[in-house]
Amino acid sequence: RKERVMNVNLSDDNMKDIIAKAVLDTLTPESRSELISNAIKSLLVKPTGNSYNSKTPMQDAFDCAVRDVARAVAQEQIVGDPEIKAKITSLIADAWVNLTNAERYSKLVENVTSAIERGLTGDRY
């Protein structure tokens, strides 16, 4: 007799949801309240130790949201206003001409070469 095997593949998100629900279902109301309180506190506390990022997770999330909104507003302004778009296009064209003029071009090539070299060697040599 051949036995049937059912393969169930769950995404990481689905698995996390299932585990989170299982954990929450086993908690008492008091321990659930404490867990939620501690989770909120962790969002409001700066990371300890020698961290590069000295912002709280909530500050990071807020900063990210502000950048997203600012980016969307800027996009609307640029795309929606032909005059602004023309000025930016002209600015980029002028910058390109200035960047590639004979006097600056060799220095630009040197800088690009140095940057590539640092990237390849990890700035170790």
Following the transitive rule for hydrophobic clusters with a side-chain heavy-atom cut-off under 4.5 Å over Ile, Leu, Val, Met, Phe, Trp and Tyr, establish whether [X] and [Y] coincide in one cluster.
X	Y	answer
I40	L35	no
V112	L99	yes
I36	L44	yes

Is atom CD of E110 surrounded by more than 12 heavy atoms (other residues, nucleotides or ligands) closer than 6.0 Å?
yes

Looking only at non-hydrogen atoms, find the nearest pair between [X] and [Y] and report the distance.
X	Y	answer
R71	D68	NH1-OD1, 3.2 Å
V23	T26	O-OG1, 2.7 Å
P82	G80	CD-O, 3.6 Å

Distance in Å, I84 CD1 paired with L91 CG, rounded so as to fall on 0.5 Å steps:
13.0 Å

To the nearest 0.5 Å, how far apart are CG in N38 and CG in L43?
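Spacing of CG (N38) from CG (L43) equals 11.0 Å.
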
Go through the structure and list residues passing side-chain hydrogen bond (donor to acceptor under 3.5 Å, both in side chains) with E34, not counting sequence neighbours.
none

N98 and D94, any side-chain heavy atoms less than 4.5 Å apart:
no

Give a yes or no answer on whether the side chain of S33 reaches the backbone of P29 with a donor-acceptor pair at less than 3.5 Å.
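Side chain of S33 to backbone of P29: no pair is present.
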
Is D25 paired with K21 through a side-chain N to carboxylate O contact shorter than 4.0 Å?
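D25 and K21: salt-bridged.
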
